Amino acid sequence: MSEVSTPATRRVIVQELTTLDGFVAGPSGELDFFEAVSDFGEVDRDNIDLFADVDLVLLGRNTYQMFVEYWPTAEGEVVAEVVNTLPKLVFSSTLGRAPWGSWEPAQVYDGNVIERVRQLLREPGGDVVVWGSITLAKSLLAADLVDEIQLRVVPVLLGRGQRLLDEDTGMHALTLLEAKGYESGIVTLRYRVVPATP
């Protein structure tokens, strides 16, 4: 008698670039600290392994508007094709549409973020990744909907700015999955978020 395999559960992965002192953006949302690293190629090549299990990217409006200015026409970037071809869902109450250059446009959703993500997790499919999108990521963390946090720690101290992990995040137990350093000075930290006890 053959065994019936159970479909894998979709996971939500939050992936952020952060400074060593914990900032994911400057006071006004600026990302100048990215320039502390001249070559993200090594990190991006490792990131392609993650994309193999991802079939949807979640973005907030601000991150979408920043990404769409760069990625659809990016040349020489290791992850450009993967970034451009992955399906995307933008959460926004102000955007009517979300084109992505000559690539397939992103979908736009203007309803309840938490309810929509819970619905996505009930549907079959691969992992879901959140890039940037600080407000969105914080909301999902607060709602206990994040399964993994991936931090790319950039070797720079910013001093002030916007944090992903702050007092609004709440307490979450974490299990270290990976810690890896690169010649660029970036350190990747991957943590599984331990489910809260009912």
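Keep in mind that this is a model prediction, so the values were computed, not measured. The residues of the chain are indexed from 1 along the displayed sequence.
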Inset, instruction - Assess whether side chain to side chain contact (heavy atoms under 4.5 Å, CB included) is satisfied between D127 and E148, documenting all intermediate values. - result: CA-CA 10 Å; D127 290 339; E148 185 175 326; over 6 Å; no
Legend entry - Criterion side chain to side chain contact (heavy atoms under 4.5 Å, CB included) on L58 and L89, from CA distance to verdict: CA-CA 5 Å; L58 304 183; L89 177 61; 3.9 Å; yes
Inset, instruction - Kindly indicate, with the supporting measurements, whether the criterion side chain to side chain contact (heavy atoms under 4.5 Å, CB included) is fulfilled by V113 and L140. - result: CA-CA 8 Å; V113 170; L140 297 179; 4.3 Å; yes
Inset, instruction - Please assess Y64 against F91 for the test side chain to side chain contact (heavy atoms under 4.5 Å, CB included), listing each intermediate value before the final yes or no. - result: CA-CA 9 Å; Y64 158 73; F91 291 98; over 6 Å; no
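Taking the side chain as every heavy atom from C-beta outward, Y70 and E77 approach each other to under 4.5 Å. Two residues are said to be in side-chain contact when any heavy atoms from C-beta on lie closer than 4.5 Å; V14 and V193 fail this criterion. Side chains of V194 and H172 form no contact here, defined as non-hydrogen atoms less than 4.5 Å apart. A heavy-atom distance below 4.5 Å is not found between the side chains of P155 and L20. Taking the side chain as every heavy atom from C-beta outward, I186 and F40 approach each other to under 4.5 Å. The side-chain heavy atoms of V43 and V78, taken from C-beta on, include no pair separated by under 4.5 Å. Within the 4.5 Å cutoff, side-chain heavy atoms of L50 are placed close to those of Q150. For the pair T188/D46, no side-chain contact is recorded, criterion being any heavy-atom separation below 4.5 Å from C-beta on.
Between the CD1 atom in I149 and the CG atom in L164 there is a gap of 6.5 Å [rounded to 0.5 Å]. We find the OG1-CZ distance between T9 and R11 to be 10.5 Å, quoted to the nearest 0.5 Å. Atom CD of Q15 is separated from atom OG of S133 by 11.5 Å, given to the nearest 0.5 angstrom.
Enclosure of atom CD in E123 by more than 12 non-hydrogen atoms of other residues, nucleotides or ligands within 6.0 angstrom is indicated. Open room surrounds CD on Q107; 12 or fewer heavy atoms of other groups in view lie less than 6.0 Å from it. Annotation: E81, atom CD; neighbour count of heavy atoms from other residues, nucleotides and ligands within 6.0 Å does not exceed 12.
Listed for the K180 side chain is no donor-acceptor partner under 3.5 Å among the backbone atoms of R190. Judged purely by atom type and a 3.5 angstrom limit, S92 uses its side chain to pair as donor or acceptor with the backbone of L95. In this structure, the side chain of W131 does not engage the main chain of V57 through any donor-acceptor pair within 3.5 Å. Looking only at distances, a side-chain donor or acceptor of D21 sits under 3.5 Å from a matching main-chain atom of L158.
The salt bridge (Lys or Arg N to Asp or Glu O under 4.0 Å) pairs that include a residue from residues 50-72 are R10-D55, where partners are two or more places apart or lie in different chains.
Counted by atom type alone, R116 and Q119 present one or more donor-acceptor pairs between their side chains at under 3.5 Å.
Looking at every heavy atom in both residues, A137 comes nearest to G132 through CB-O, 4.3 Å. The two residues N84 and W71 have their closest heavy-atom pair at ND2-O, 3.0 Å.
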